[in-house]
Number of protein chains: 2
Amino acid sequence: MSLPHALLTSLLEQPCSGMDLARRFGRSIGFFWPATHQQIYKELGKLEAAGWVRSSAEEGARGRKRCYEVLPAGEQELKRWVAETDEPPPLRDALMVRLRAEAALGTGAGVENDLLHRLARHRTQLALYENIEQRDFTGRELSAAEQLQYLILQSGLATEREHIRFCEKALVLLETLETAGV
Amino acid sequence: MSLPHALLTSLLEQPCSGMDLARRFGRSIGFFWPATHQQIYKELGKLEAAGWVRSSAEEGARGRKRCYEVLPAGEQELKRWVAETDEPPPLRDALMVRLRAEAALGTGAGVENDLLHRLARHRTQLALYENIEQRDFTGRELSAAEQLQYLILQSGLATEREHIRFCEKALVLLETLETAGV
DNA sequence: CCAGACATGTAAATTGTTACATGATTGT
DNA sequence: ACAATCATGTAACAATTTACATGTCTGG
C-alpha cells in the first residue's frame, strides 16, 4: 500500500490540509494513486500517530482547517520506502474480459459500446496530459525534479496513446469480422 | 466487478471445476483479471445460487471434484453484461509514487532498485506472451474467436513493451541526473 | 444571522488477500 | 494403511468506495 507514502511525498512538496491534498491528488499524484478525501483523512491520522507528520491544530477540531507538514522521521521513512521494490501492479480490465466473452459467445454481443466509450475517455485524458505537458514542461530548462515529473507524465501520455491505438484496432477488427460474418 | 462474468466466460469456453478455473485463470483470463481460488469458490457459489451455472455434485461435498457448466440464464446474463460500459480502470502504480518521491527528496534515494526489478519482471512477462503468440497465433488461419483472443494478447504485448521502454528511459535519466549532480 | 460552501470526519458495504482447515484421491 | 497431493472451503484482515454526518467560515 502506497497511500501513506504518496501523502508524505505530496506534503513534502508542499505542506497543506487534508482537503488541499484531496484536491491536489486529483491533479497530480492521483493520476497514479487515486484517493478520496475519506481515505486521506484516515491515513493522515495514522501518519500523525506514527510521528511522521504533525498538524497545526489541536485534536478534535472538527471543521477547522489544519495544516500538515512532514517531520524528519517521516522523511526518513519515505527514503527507506523509495529504495524498496514492489511487484508490478496486476492488470485488471473488464474490457478484456468483455472481448473474451464476445469471442466465447461468438456473436455481435456489443463490446463496441465499451470500446467507443473508452476511446472517448482515453482521448479526453490524453488531451488533459498534453495540456499539462504544454503548460509545465515545454519551452524552458527543467530542473532535475521537473525532469522526473515530466518522465512520469510521459508514462501517462504513452499509456493513453496505447489504449487509443488498441481501441481503434479492436473496432476495426470487429467491423471486419461482422461484415465477413454476414 | 467482473469476476462473475470472467468465470461465466471461462466456463462457457470449457466447463470445469473450481480448481481448474483457478489454474486456467493463471494462464489466460487471469492475465487481465487475476483471481485466487478462494475468490473463485465463493463466486461460483453465488453464480449457482443465481441460477447462472449448475454443478455436477450435491451440496456440501467438500473435497470432491464438481464440474460447473453455464446455464442458458447465465449466457443471457453474460450477453447483457458485454453490452454494458465501464470506466477505464484507474491506474495505481507505486513506482510512479516512488519516482515522484525521489524527485521530492531531491537525492539518489534508490528508485533504481524498483526500476531494475520491474524491468526484469516485464521482460519475463513479455517473453511469456511472445511464447504464447508463437505457439497459438502464428503460421495459420485464425478463426474469428481466435482473432479476438490474439487482439487481447497483443494488448498485453504492447503494454509490456511500453513498460520496458519506460523503465529503460527512467534508468537512463537517473544516470544522467546523478552524474550531473556529482 | 443565516444560507451555502468549505473542511473534517464516521459508518457500512464491497472487494480482495492471507492464512488456515478439512475432506477426498492416489501412489507405494 | 499412510503420506502426499488435490480439491474445496472458512475466517480474519486490509483497502477502497459510497453514503452520510457534523462543525466552521463567509457573503449578503
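Here the structure is a predicted model, which is why all the values come from computation and not from measurement. What's counted below: heavy atoms across the whole structure, side chains too, no hydrogens, waters or symmetry copies. A, B, ... follow the sequence lines: proteins, then strands. Residue 1 opens every chain.
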If you define the side chain from C-beta out and look only at heavy atoms, does anything of [X] sit under 4.5 Å from [Y]?
{"X": "A:D20", "Y": "A:K65", "value": "yes"}
{"X": "B:D93", "Y": "A:W33", "value": "no"}
{"X": "B:E69", "Y": "B:R54", "value": "yes"}

Name the one of B:V97, B:D114, B:L99, B:L105 that satisfies side-chain contact (heavy atoms from CB on, under 4.5 Å) with A:V82? B:L105

Output yes when at least one side-chain N/O atom of A:Y41 is less than 4.0 Å from OP1 or OP2 of C:dG9, else no.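 For C:dG9, neither OP1 nor OP2 has a side-chain N or O of A:Y41 closer than 4.0 Å.
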
When you measure from the side-chain N and O atoms of A:R66 to the phosphate of C:dC6, is any distance below 4.0 Å, counting only OP1 and OP2? no

d([atom1], [X]; [atom2], [N]) in whole Å:
{"X": "B:R64", "N": "D:dT8", "atom1": "CZ", "atom2": "P", "value": "11 Å"}
{"X": "A:E43", "N": "C:dT10", "atom1": "CD", "atom2": "P", "value": "14 Å"}
{"X": "A:E48", "N": "C:dG9", "atom1": "CD", "atom2": "P", "value": "9 Å"}

Does anything in residues 8-26 of chain B reach DNA chain D, meaning a heavy atom under 4.0 Å, and if so which residues?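 Within this stretch, B:S17, B:G18, B:M19, B:R23 sit under 4.0 Å of the strand.
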
Sequence neighbours excluded, which residues qualify as side chain to side chain donor-acceptor pair (under 3.5 Å) partners of A:R100? B:E13

For A:R123, all residues meeting side chain to side chain donor-acceptor pair (under 3.5 Å), sequence neighbours excluded: A:E168

Tell me who clusters with A:Y41, hydrophobic residues only, linked when side chains sit under 4.5 Å apart either directly or through other members. A:M19

Filter on ring-ring contact (aromatic ring centres under 6.0 Å, His included), then keep only pairs touching residues 125-144 of chain A, sequence neighbours left out; what's left? A:F31-A:Y129, A:F137-A:Y150

Within the 4.0 Å limit for protein heavy atoms, which parts of nucleotides 11-21 of chain D are touched? Write it as a string from 5' to 3', B for base, S for sugar-phosphate only, - for none. ----SBBBB-B

